[in-house]
Amino acid sequence: MTARTQGYLFVLITMCIWGGFTIFSRLNAHWHISMWDLVAMRFAIASLILLPVLIYKKDLAFLWHPKPVILALIGGLAYCFTVYTAFLHAPAAHAAIFLNGCIPLCTAVAAYILFRQPFDKHTWLSLIIMMAALALMSYLMLQDQASVLGWGDVLLFISAAWWGIFTVLLKQWKLSAWHATAGVVIWSAIIYLPIYILFIPKHFQDAAPIHLLIQGLFHGVLVVIIATLTYVAAIQRLGAFKTGSIVTLAPFIAAIVAVPLLNENLNPAIISGLVGMGVGALQPWRWLRKDSLATKLEQQAKN
């Protein structure tokens, strides 16, 4: 396969896992899996896989720097606690709007607050589109008393803020994907697992063993390790903007899949929010501009 074809294959794998993250996280409410147990399984399984690799490669020195610890507290534990709790209360469509739709906005705001990076024109346009979509969605929800926002939506937005801060710090500190992933997993396990074992009640008996196995492998292996590797590989072959734009579609597709799969509903208010936040997050005008510029350069090269 060409590098371009490989890139799209890696994007497809990443999309399946990221879209599945929404579906599987919502399934916890149906399978009666505790958020505390899920976080413990996620980091225990991932650390059991990654730690031997670090020891074999003798690549442990980076762990003693404070940066991986801070990233673990924000992008590991804080994000997982809020996002998994949110999925117990909010449907998949709300996650696409208030989590994935808001992540680009929260990232831009975090970059400005932490490092005074100004908004570019694309961010301002996205902000206007998103605010308009949220205003329309709120108006339609007021007309339909059955559709209301809840605590889960607030937690989804807080999760987007955590991930925005994590993304900005990761970019500013220039950690490699491998060191960032391993550092977050190992330190999250070191910090959380002793507290979980000693003080937090376990609820494994409330869930079926097969459901625990599925969630543990999905969140501990596919989400933490495989998706990170395929995402980085896709960026190397297709570029950051094109890769990011395509995989951003995954949660919005998951919101549609959740309708028949999890028996969730889509109403005009949610649809307007999905469309508006999707357009604001994807920034399709940049995609079209890049494609038209590439076509023009190809034509000039042929002439």
Side-chain angles (χ1 to χ4, degrees), residues 21-22 24-90 95 99 151-152 154-163 165-166 169-170 173 175 178-228:
F21 177 81
T22 300
F24 278 86
S25 296
R26 280 293 293 152
L27 279 173
N28 289 322
H30 299 268
W31 290 353
H32 308 292
I33 298 177
S34 164
M35 176 270 294
W36 304 105
D37 296 336
L38 181 60
V39 174
M41 288 191 298
R42 171 181 175 134
F43 291 119
I45 293 172
S47 61
L48 286 175
I49 295 173
L50 293 179
L51 188 56
V53 178
L54 289 176
I55 295 174
Y56 176 77
K57 295 177 62 177
K58 298 180 180 179
D59 187 17
L60 296 170
F62 75 97
L63 288 173
W64 308 117
H65 197 280
K67 291 178 181 178
V69 181
I70 296 172
L71 291 176
L73 290 172
I74 296 173
L77 296 176
Y79 174 78
C80 285
F81 290 149
T82 54
V83 79
Y84 285 140
T85 304
F87 275 119
L88 296 176
H89 305 284
L99 175 63
W151 177 238
V154 176
L155 288 175
L156 287 171
F157 182 78
I158 294 174
S159 302
W162 287 129
W163 196 257
I165 296 170
F166 172 79
L169 292 178
L170 188 60
W173 290 342
L175 268 72
W178 167 249
H179 280 173
T181 301
V184 167
V185 167
I186 300 301
W187 275 111
S188 294
I190 291 174
I191 295 169
Y192 176 65
L193 291 181
I195 298 173
Y196 170 78
I197 293 171
L198 294 174
F199 302 109
I200 297 177
K202 314 331 181 263
H203 298 279
F204 290 113
Q205 70 279 3
D206 297 334
I210 185 63
H211 293 163
L212 292 171
L213 177 63
I214 291 172
Q215 293 286 25
L217 292 177
F218 180 82
H219 291 277
V221 179
L222 292 181
V223 172
V224 176
I225 301 174
I226 303 300
T228 300

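Just so it is clear, the values below take in all heavy atoms, side chains as well, and ignore hydrogens, waters and symmetry mates.
- Under the 3.5 Å distance criterion, the side-chain polar atoms of Thr82 are matched with a main-chain donor or acceptor of Tyr79.
- The minimum heavy-atom distance between Ala95 and Thr22, with the atom names listed, is CB-CG2, 4.4 Å.
- Using modelled atom types, no side-chain atom of Thr181 and backbone atom of Trp178 make a donor-acceptor pair closer than 3.5 Å.
- Judged by a 6.0 Å distance limit and a 45° cone about the ring axis, Lys67 is not positioned over the six-membered ring of Phe62.
- Distance NE2/His32 to CG/Leu88: 11.0 Å, rounded to 0.5 Å.
- Taking all atoms of both residues into account, the shortest heavy-atom contact from Cys80 to Val39 is CB-CG2, 4.0 Å.
- To the nearest 0.5 Å, the span separating CD1 on Ile190 from CG on Leu63 amounts to 7.0 Å.
- A donor-acceptor contact shorter than 3.5 Å is absent between the side chain of Tyr196 and the backbone of Ala189.
- Proximity of Trp187 to Leu71: side-chain heavy atoms (C-beta onward) are nowhere separated by under 4.5 Å.
- Atom CZ of Phe218 has more than 12 neighbouring heavy atoms from other residues, nucleotides or ligands inside a 6.0 Å radius.
- Taking each heavy atom of Gly220 and Val224 in turn, the nearest pair found is O-CB, 3.8 Å.
- Leu193 CG to Leu198 CG: the interatomic distance, rounded to the nearest 0.5 Å, is 10.5 Å.
- Here the side chains of Trp31 and Leu212 are not in contact, with every heavy-atom distance at 4.5 Å or above.
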Residue pair Met41, Phe204: steps toward the side-chain contact (heavy atoms from CB on, under 4.5 Å) verdict: CA-CA 11 Å; Met41 288 191 298; Phe204 290 113; 4.1 Å; yes
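- Within the model, atoms CG of Asn28 and OG1 of Thr85 stand 10.5 Å from one another, a figure rounded to the nearest 0.5 Å.
- Phe21 has its side chain within reach of Val83: a pair of non-hydrogen atoms, C-beta onward, lies under 4.5 Å apart.
- Ile191 places none of its side-chain heavy atoms less than 4.5 Å from the side chain of Phe43.
- Two residues are said to be in side-chain contact when any heavy atoms from C-beta on lie closer than 4.5 Å; Ile45 and His219 fail this criterion.
- Residues Leu54 and Ala182 approach most closely at CD1-CB, 4.0 Å, considering heavy atoms.
- With rounding to the nearest 0.5 angstrom, the NE2 atom of His203 is 12.5 Å from the CD1 atom of Ile33.
- Side-chain contact between Phe87 and Phe24 is absent, with no heavy-atom pair separated by less than 4.5 Å.
- With hydrogens and angles disregarded, a donor-acceptor distance shorter than 3.5 Å links the side chain of Arg26 to the backbone of Ala90.
- Here the straight-line distance linking atom CG of Leu50 with atom CD1 of Ile225 works out to 4.0 Å at 0.5 Å rounding.
- In this structure, Gly152 and Ala86 approach most closely via the heavy-atom pair O-CB, 3.5 Å.
- Within the 4.5 Å cutoff, the side chain of Met35 has no heavy atoms near those of the Leu38 side chain.
- Side-chain contact between Asp37 and Tyr84 is absent, with no heavy atoms from C-beta onward closer than 4.5 Å.
- No more than 12 heavy atoms of other residues, nucleotides or ligands sit less than 6.0 Å from atom CH2 of Trp162.
- Among all heavy-atom pairs drawn from Gly76 and Ser188, the shortest one is CA-OG, 3.8 Å.
- Side-chain atoms of Lys58 do not come within 3.5 Å of backbone N or O of Tyr56 as any donor-acceptor pair.
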Criterion side-chain contact (heavy atoms from CB on, under 4.5 Å) on Asp59 and His179, from CA distance to verdict: CA-CA 9 Å; Asp59 187 17; His179 280 173; 2.8 Å; yes
